[in-house]
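Okay, structure first, notes after.
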Amino acid sequence: MADQKLVEKSDKASQLTLGFGLGQTEPLAGSSESVGKKKAATKSNSKPGSGKAPRTRATAESMAKQQREISVSEFFAKNSHLLGFDNKRKALLTTVKEAVDNSLDACEEAGILPEVEIWVKQTDTDRFSVRIRDNGPGIVKNQIPNVFGKLLYGSKFHRLKMSRGQQGIGISAAGMYGLITTGKPIQIISRTSSRAVAHLYKLAIDTKKNRPDIIKDEAIEVDFPHGTEVTIELVASYNKGRQSVEEYIELTAIANPHATLILHPPVGATLDLQRGTDELPDETKEIKPHPYGIELGTMIKMAKDTEHQKLGAFLTGEFSRVSPAVAKSVCAKAGVTTATWVSGMETPVIEKLYRVLQDTKLKAPSTNCLAPIGVEAILAGLLKGIKAEFYTASTRPPSVYRGNPFQIEVGLAYGGELGRDRHDENPDEEKGKREPAQARVIRFANRVPLLYQQSSCCTFKSVLETKWNNYTLSQSSGAMPRGPLVILVHMASVWVPFISEGKEAIADYDEIRKEVKLGISECARRLGTLLKRKKKKSDFAKRRDVFTRYIDEVVEATRSITTFNKEDFRQSLIALSQNYTAAADMEFDDHGKVIKKAKPGNDLGLANTVVVNRDEETDGPEALFEDDAPKKVANVSLKQSKKKKKRRK
C-alpha cells in the first residue's frame, strides 16, 4: 500500500510540473512530438486573429546601428532638473543667479567694483524676460558664441583658484532652458571699452552637437562704456518671500558688501542695495594640484601630458608643496631617480610613485588662492541687511580636504527686530505673549547664497549638531535652536564639493564639518557671554525691585521700636540694596564689554563683536567704514578689542 501511494504522488507531481490543465502531461523536450507542437503554437500565435503579435528579436548588428554619441547639451536638455530648473519658480531664480555670479566674477578679476542691474519683466501669463547688465570688462567678439552657446566651456574648470563659477555650464544652460520653453534665443550685448564697438548676438544652442547657432550678429551703439548685457526669455513664475529672487539679491549683498545690486521686479518697488565698502576682495592666485588631492588615473594622465622630461622637474613643476628635496626622497623610495625620463615610465612605476607620495608628509597647500569675506565685511553685511542687537563673526584658519584648501567663516546676529529675547530685563506684556523666534541659517559657498537642499548640506548638519544649550539657548534634540538668531556660514575653497550640478548644498566631509562646528562654537561663546550677563542683570534687577518695595514698611516698623531719622535710614537701606545688586546697573559697550568702574584687571572684552542699541535711532552702520568716520557712532563700532588685558588705574 505504501509503494502504491508513492507511485500515485509521483504521478500527480509530474502532472503538476509538466501539465497545463486537464491532468495531461507535456511531451519530453527534444522529441518529435514536442517540436511539432511548438511549431504549431508559433504559427497559431502569428495569426491575425490570435490577439498577440510575434516577438521581434534584435541582433547585435541592428543594435549597433542605433548606438550614437550623446552630447552634453542633449543630456542636460532632457535632465534640466540636475542644473536647478526643477520648476518655474526655481528656474527664474537659477537664471538670475547664474548671470549675477558671472558678472561678479568678471568684475573682480578685472579690478572693477561691481555694479549689476537686473530687470525682470512679465511678458505673458507664465513667461518672463530677464535682463542682466554689469559694468565688467566685457567679452571679446569671437568668444561670445562659445561662452553663451556651448555647455562645459569656460576658464574656471581647469584652474585651482577660488571663484563663484566652476563648471562652465550655468549661463549657457539658462539660455538653453529659455530656448526649450519659449523658442526664443538668448541675446547678448557686450562692449570691451569706450573706444570699442558693442556687439549684439542672438544665439541658439544646437543640442545634438553642443555648439552655438548664430541667428544674429551685428554692431550696435550702447550707452555704457564697458560691460555685458544678457537677455533671456523663459517660462517661469515670480514669487516673493523665501527662496525668491529678492532673497537671493539681499543675501548676495551681505556676502559681497563691495557690490552694488539693483533689482527691478515685475511688481513692487525697486530693490536698490548700494555697496557698503569700496575695497575689493583680496586678489587670489592660481595654485598647482596637491598630491593628496589627485587620484592614480589623474597622475598617469598628467605624466602623459606634461612638458617636463625628467621626473624631478615633473614632480616639482606639476604639484604644489613638492620641493626638490621631497622629490628626491620620493623618487628614492619608489626605486627611481629624479633624472628618470617621464615618457619611459610604465604604469606600475607611476603607481608605486603615487603610493609613496600619498604616504609622504607634505605641507598643506598654499592659501593665497582663497579670498574669504573677512570679519569686518561680514559684520558690515549683517549690519546692512539684518536689524539685530548683537553681531559677531569669526574666520577660521585655512584647512584642507582631499588636498583642496578651504576656509570657513561664521557670523551671528541676535535680538533686535528678529524676535523676542527671553533674556530681556523687563519684556512687556505684548512681547511676552509671543513664542520665541526660530533660528535661521543662511549658507554661502564662495560668496554665493545656497537657498535649496538645506537639510542635505554639511553646514546645516553642523548647526544641528552644535549643543546650543551650553550657550543659554534652548534646543530640542536634533532641532534648530529657538531664539531670535541668524547664523551665517560661508565656505571659501578652490573646489567646493557640491552634491549636484545645481550647486545647492555642500557634501559632507569630516574636515569641513569639524571646521564649521569650531567656527560656530567660537561665535556662540561670545553670544553666550552676553546672554549670561543680561540674565545676571535681569536677576539682580528683580532682587532690587523686591527689596525696595518693602523699604518703607521696614522703616516704619523700625521707627516704632526705636527713635532715629527716618529719611537717613531710608537712604541707607537704598544704598545697601544698590550695593548688593550692583549687577543690575551693568551697561555694555560696542563690543559687549561691561562698562563700569571695576577692580583692576577686570577687562572682559569680546573680539570681533558689535552691540547695537535698537531703541535709539542711529545712522551708525552706514558710517562704519568711512575714512573720516568717528571711532564710535551711536553705540556702533567695529574696532576689534585687544586680546591683551589692560590694567585700569
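Quick caveat: nothing in here was measured; it's all calculated off a predicted structure.
Residues passing the salt bridge (charged side-chain N to carboxylate O under 4.0 Å, His left out) test with Glu504, sequence neighbours excluded: Lys90. By the salt bridge (charged side-chain N to carboxylate O under 4.0 Å, His left out) test, Glu115 is found to be paired with Arg275, residues two or more places apart in sequence or in another chain being considered. For Lys285, the side chain to side chain contact (heavy atoms under 4.5 Å, CB included) partners at least two apart in sequence or on another chain are Glu283, Asn368. For His490, there are no ring pair (Phe, Tyr, Trp, His ring centres under 6.0 Å) partners, not counting sequence neighbours. For the side-chain hydrogen bond (donor to acceptor under 3.5 Å, both in side chains) test, no residue two or more places apart in sequence or in another chain qualifies with Tyr452. Every residue two or more places apart in sequence or in another chain that forms a salt bridge (charged side-chain N to carboxylate O under 4.0 Å, His left out) with Glu351 is listed here: Arg355. Evaluation of the ring pair (Phe, Tyr, Trp, His ring centres under 6.0 Å) rule for Phe319 yields Phe314 as partners, not counting sequence neighbours. Under the ring pair (Phe, Tyr, Trp, His ring centres under 6.0 Å) criterion, Tyr248 pairs with no residue, sequence neighbours left out. For Glu279, there are no salt bridge (charged side-chain N to carboxylate O under 4.0 Å, His left out) partners two or more places apart in sequence or in a different chain.
Among Leu488, Ile487, Val489, the single residue meeting the side chain to side chain contact (heavy atoms under 4.5 Å, CB included) criterion with Thr459 is Val489. Applying the side chain to side chain contact (heavy atoms under 4.5 Å, CB included) test between Ile112 and each of Asn135, Leu280, Asp134 identifies Asn135 as the sole match.
Listed by first and then second residue, the salt bridge (Lys or Arg N to Asp or Glu O under 4.0 Å) pairs that reach into residues 391-400 are Arg396-Glu515, sequence neighbours excluded. Note on residues 84-106: pairs passing ring pair (Phe, Tyr, Trp, His ring centres under 6.0 Å), not counting sequence neighbours, are Phe85-Tyr177.
Using a 4.5 Å heavy-atom threshold, the side chains of Cys369 and Met162 count as separate. Taking 4.5 Å as the limit, some side-chain heavy atom of Ile378 sits within range of a side-chain heavy atom of Glu409.
For Arg513 (side chain) and Ser462 (main-chain N/O), no donor-acceptor pair under 3.5 Å exists by modelled atom type. For Arg526 (side chain) and Ala393 (main-chain N/O), a donor-acceptor pair under 3.5 Å exists by modelled atom type. Counting only distance, with no hydrogens or angles, the side chain of Asn469 and the backbone of Gln475 share a donor-acceptor pair below 3.5 Å.
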Report all side-chain donor-acceptor pairs from residues 357-365 shorter than 3.5 Å, counting only partners two or more places apart or in another chain.
from: Gln358; atom 1: NE2; to: Pro291; atom 2: O; distance (Å): 2.7
from: Thr360; atom 1: OG1; to: Val356; atom 2: O; distance (Å): 2.6

